[in-house]
Amino acid sequence: MAETISQWSVIMIVLSGLALLAGVYFIRTGNREAHMRAMILASALATVFLVLYLTRLGLGYEKKYIGPNRAAYFALLISHVILAAANLPLALGALWHARNGLRAAGNLGNIDAPAARAHFNRHRAWVRWTVPVWLYVAATGWIIYALLHNYGEVIKG
């Protein structure tokens with residue numbers, strides 16, 4: 001069962017990364033409503049991933065890397081873990097400022113209102129850090145999963 005949970009967690013984070021990329025595309029093309037929907041979906045899928053990942057760990061299912069070039073693997077893993085821990089507060093901050101901006105604006109068509117603008121400026125400042133970190137964490141997570149799939153040994157916890 002833990003292996004299935006592990007596979008579903010990877011599916012969720014892949015879909016979350018794709019929704020994140022779609023959200024970036026939508027905001028760059030001026031489609032604010034599609035951007036908001038994509039980012040809510042990306043956040044929801046990342047939350048499902050986190051629940052599945054923690055469930056898998058709670059079940060004691062872990063893999064140990066036994067492949068070549070362990071130093072490179074551990075460097076990748078350490079950077080992934082540190083940035084994954086940083087990503088949660090970054091994403092929550094970005095969502096918080098977007099939510100406050102939308103509440104101040106009343107609707108997406110009014111986000112240039114002075115009361116909303118400050119919130120969206122802070123949202124934009126947060127996402128300049130959040131998006132690259134989120135994409136790095138997702139991409140390195142996929143790489144780590146593939147490496148463990150090919151060079152991993154299940155540890156009984």
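No experiment lies behind these values; they were computed from the predicted model shown. The figures that follow rest on heavy atoms only: side chains count, while hydrogens, waters and symmetry mates do not.
Applying the 6.0 Å contact sphere to CH2 of Trp96 captures no more than 12 heavy atoms from other residues, nucleotides or ligands. For OH of Tyr151, the number of neighbouring non-hydrogen atoms (other residues, nucleotides, ligands) closer than 6.0 Å is 12 at most. Counting non-hydrogen atoms of other residues, nucleotides and ligands closer than 6.0 Å to CZ of Phe49 gives a total above 12.
Not counting sequence neighbours, the partners of Arg117 by the side chain to side chain contact (heavy atoms under 4.5 Å, CB included) test are Ile111, Asp112, Phe120, Asn121, Arg124.
Counting only heavy atoms from C-beta outward, the side chains of Arg99 and Leu95 never approach each other to under 4.5 Å. Taking 4.5 Å as the limit, some side-chain heavy atom of Leu77 sits within range of a side-chain heavy atom of Phe74. Annotation: side chain of Tyr61 is not in contact with side chain of Leu57 (no heavy-atom distance under 4.5 Å). Residues Val24 and Leu135 fail the side-chain proximity criterion, which asks for heavy atoms closer than 4.5 Å.
Judged by distance alone, the side chain of Asn87 and the main-chain N or O of Leu83 form no donor-acceptor pair under 3.5 Å. The backbone N or O of His97 lies less than 3.5 Å from no partner atom in the side chain of His123, so there is not a single donor-acceptor pair. Put simply, the side chain of His80 gets close to the backbone of Val137: a donor and an acceptor are under 3.5 Å apart.
Note on Leu76: it does not cluster hydrophobically with Trp142, by side-chain heavy-atom contacts below 4.5 Å among ILVMFWY residues.
Pairing each heavy atom of Trp126 with each of Leu90, the nearest pair is CE3-O, 3.4 Å. Contact between Ala115 and His119 at its shortest, heavy atoms only, is O-CD2, 3.3 Å.
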Ignoring hydrogens and angles, write down the donor-acceptor pairs under 3.5 Å from the side chains of residues 6-16, residues two or more places apart or on other chains.
from  : atom 1 : to    : atom 2 : distance (Å)
Gln7  : NE2    : Glu3  : OE2    : 3.3
Ser9  : OG     : Ser6  : O      : 2.6
Ser16 : OG     : Ala42 : O      : 2.9

Do any side-chain atoms of residues 27-34 form donor-acceptor pairs under 3.5 angstrom with protein atoms, and if so which ones, sequence neighbours left out?
from  : atom 1 : to    : atom 2 : distance (Å)
Thr29 : OG1    : Tyr25 : O      : 3.1
Thr29 : OG1    : Phe26 : O      : 3.1
Asn31 : OD1    : Ala34 : N      : 3.1
Glu33 : OE2    : Arg37 : NE     : 3.3
Glu33 : OE2    : Arg37 : NH2    : 2.8

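Separating the CG atom in Leu41 from the CE atom in Met36 is a distance of 12.5 Å, to the nearest 0.5 Å.
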